[in-house]
Structures are given as structure tokens and as C-alpha cells.
Amino acid sequence: MSEKPEEPETLSAFVEAHRDELSELVAAPDRRASCPPPPGVEFRADVLLSACIDPPNG
Amino acid sequence: MGELASTASVVFLQPVTLCNLDCSYCYLPQRAVFRRMSVDVADAVARAVSVWSDAHPVHVVWHGGEPLVLGVPGFVELLGRFRAGLHRVGHAVQTNGTLIDDAWCEVFIRHRVGVTVSLDGPEPFNRDRVTRGGGESLDRALRGIAALRRHHLPFGAIAVVQDPDPDRAGELYDWFSALGCHSLGINIVERKGTRAQASVDDERVTAFWSALAVHWRKDQRLRIREFDHALRYVAAELDGRARERAMAPRDPLPMIGWNGDVTMFGPDLLGFSSPRLGAFTVGNVADAELTEILERAAESGWVEEVLDGIEACRTACDHYAYCFGGQPANKYFETGRFDVTETTYCRNSKKRLMKGLMRGVREARGA
Ligand code: SF4
């Protein structure tokens, strides 16, 4: 039985080590059901996400 | 290091201090008294926001207390003071949902106000969100959400998770999906403000995030705010932009209290002070323009200590490019200092989250 390779120690090395599968993950289409906006109103998803206290500082 | 941007892309306001609920984990110090923001304070904030929006979009988040306690006329009066510059000024309310009715929905539509409802899930998840008389609040919040849905208003939800039970993560996900919200933010219970209770701090949290990620990957009806954050970092790391992104000046995230007091780094520090550092304010909009207040903020001792804490994280932590140095409020309320690095909050909501997400997506994929 082969030994399981050790996971990289830092986060950036982990991302690099799993580049292929993570690229696929971040490129995955957004399949969430869309909620229709009210007539005559355009809601921007980015604004709404900011409304969820989604500050730019991570 | 630790540079602060001179303008803000998100501004939090406290139009009113009172909340009609009395959640057991709430950290807001003045939530039992009614103090409301004056038009003069709103005007002072609106002047700065209008100037900033010449450079970039600005989002104004009406926080609280419970902002809808103000009533429709009072809220519209304050909101009406804001004017956009060259870019959009977007508005959003962070509400417990219990006061939303058709009249509020019409306000949200007319003024294009985004809505995020704080709600913890089906009973017993929601049992800490009680009325002032100690009664349950879920039915009232669901009535408010029914009104949002009648008016086809998209809304987000934020849930506090007291017990991150991996076996119930799927149930929570499915319940919020069925509720019809477009995104869900998850706050693992924290030690913050007036709430002294300790948080859970063990590997169950990783297992919870992992179980949630498995559900999310298989379904994806619902966005998970924390996974969005994590994946934005992953995308930046893959593109080689992560370092540069992490070095960008930090958004000051000002929070303006009902009386014009200004604090920074989000809403959590408003109304608090420390014997060592004094009040966690950087000024009052009655005394100076908000832009000037923010430009001078780094001279305040407590802000300096916050920036030292961010720098310490940058030096010490391999998660910095994802986390940007954590939440100052959590650092302070957990340790009594801002110039520290790891906290229970960051272990649960950054490190274990990332680990759980990665584990979950691989599991969902059958890796
Ligand atoms: S994960 Fe914790 S220690 Fe690391 S940067 Fe964030 S707050 Fe600092």
C-alpha cells in the first residue's frame, strides 16, 4: 500500500498543489436559482451580496 | 503596511439603537433604548458618500438596533438625504425581518434597497432569537419574508450557528434554500461585545463546514457568503494576484452611530471603549467632515493598535492573503488587545472554514 502524500503546509502551497481541481471549482457556473427582480427594478447581485455585510476586507 | 484607504466602499449606519428583539447572543450595548439618528447626522454622512461615489460605488448598510424600528417615514427621510455621484450609491438593510410588511417592501422597491434578514434557521436553531417578552420570533420573521417573496424581492440571510453540528449542516442548508434567499452568511457563535459566552473551538467546526460544502456542491441553489470569500481568494491565488490583493489599502468600513460618532472596521466596535485605549471612536461628524475624520483615523491609539495587529498577521500567518488580518472586534473582545493574531473567531471562520470547504468539495467530487 502506498503512503498518502503529505498535504502542503501553507495555504498558498495547498492551492498550488490542487491547481487543477480548484480551477475547475472557481470556474463552475453559478447554478443557484435566480429570484426574479420586481418589475422595473434591476438588482445587482454584487450590491446584494454587499448587503449581506460582505465587506471588502475579507 | 496596514494602509487605510481614504474613502470607503461600504458605510454602516445606525439609524436607531433600539431592537424589538432580545437575542441571547446579541452584542449591541444600547439595544433596549430608543435613540434615533438626526437628519443632520445623515446629511454629514451623505456629503462624504456623494464625494466618494465620484470615484467608486458606495454601499450604505442600514444596521442597528433594528433599522425598521424607525418606521417608514423616518427611514425614508434619512435615506432621501443620500445622492449618488458618478457611481451608484446602493442601500441595504440588515434586519431581523419581523417588521417587514407590504409598506416596507414598497420602500425597498422604490429606493432599490437590498435586504438581508438575520435568522438562525428552523426551531430549535432559532431559539436564541426571542422577543422582549421572551417569546419565539420565527413566525414573525417568516411573515416578513413572505412579504418579501410576494413582492419578488431578492434577499439574503445571515445565521448565527450556536452548535456547529455536522449532522445538521445539510438540514440548515436545505431550510435556507427553501426559504428562497439568494445567499446565506454563517457566523459561528462568537465572543463579542456584551456577550461574554465562549465560542465552540474544536474540529467539529471543520466537520460542519465540510458537511455544508458537500451539500452546497451538490445543490448550489444557495450561495454561501463564506465560501464566496474563500473562493475569491483561491481564484486570486491561482491567477497570481493574491499577494497584490492582500497589499491593497484596507477599506476603513466606517460605522456611524445614531449620534454621529464614527468607529471603523465594521459595526461591531460602536459604543465600546477600553480602559487602556479609551473609546473606540475616531471622531464625530458634528465636529469634522467624515472624510477628514477617516484621513486622521490612523493617529488614534486604538486604530494604530489595530494596524499593528494586521501587520502581525501579515508577518505570521499563511492565511493572510485570504483573511487580510481578521476582524479587529474579535481580536479585542477575545483578548483585550487589537495587536494580536490568531483568535477563536479566525480559527473557526477562516482556518477551519477553508479546511472544511476544501475537504467538502473533494468529498462531493468523490476524490
Ligand atoms: S487567519 Fe487569524 S492569524 Fe491568520 S491572518 Fe487571519 S486573523 Fe490573522
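Note that the structure is predicted; figures quoted are calculated from it, not measured. Quick note on labels: first sequence line is chain A, next is B, and so on, each numbered from 1.
Of all heavy-atom pairs between A:Val26 and B:Ala235, the closest is CG1-N, 4.1 Å. The minimum heavy-atom distance between A:Thr10 and B:Asp318, with the atom names listed, is CA-OD2, 3.2 Å.
Here the CE atom belonging to B:Met358 is positioned 5.0 Å from the CG atom belonging to A:Leu22, to the nearest 0.5 angstrom. Interatomic distance, A:Phe14 CZ to B:Lys355 NZ, rounded to the nearest 0.5 Å: 10.5 Å. Note: B:Tyr322 OH to A:Ser12 OG = 14.5 Å, rounded to the nearest 0.5 Å.
Looking only at side-chain heavy atoms (C-beta outward), A:Leu25 and B:Arg217 come within less than 4.5 Å of each other.
Looking at B:Arg150, neither its backbone nor its side chain comes within 4.5 Å of chain A, counting heavy atoms on both sides. No part of B:Ala321 comes within reach of chain A, as not one of its non-hydrogen atoms sits under 4.5 angstrom from that chain.
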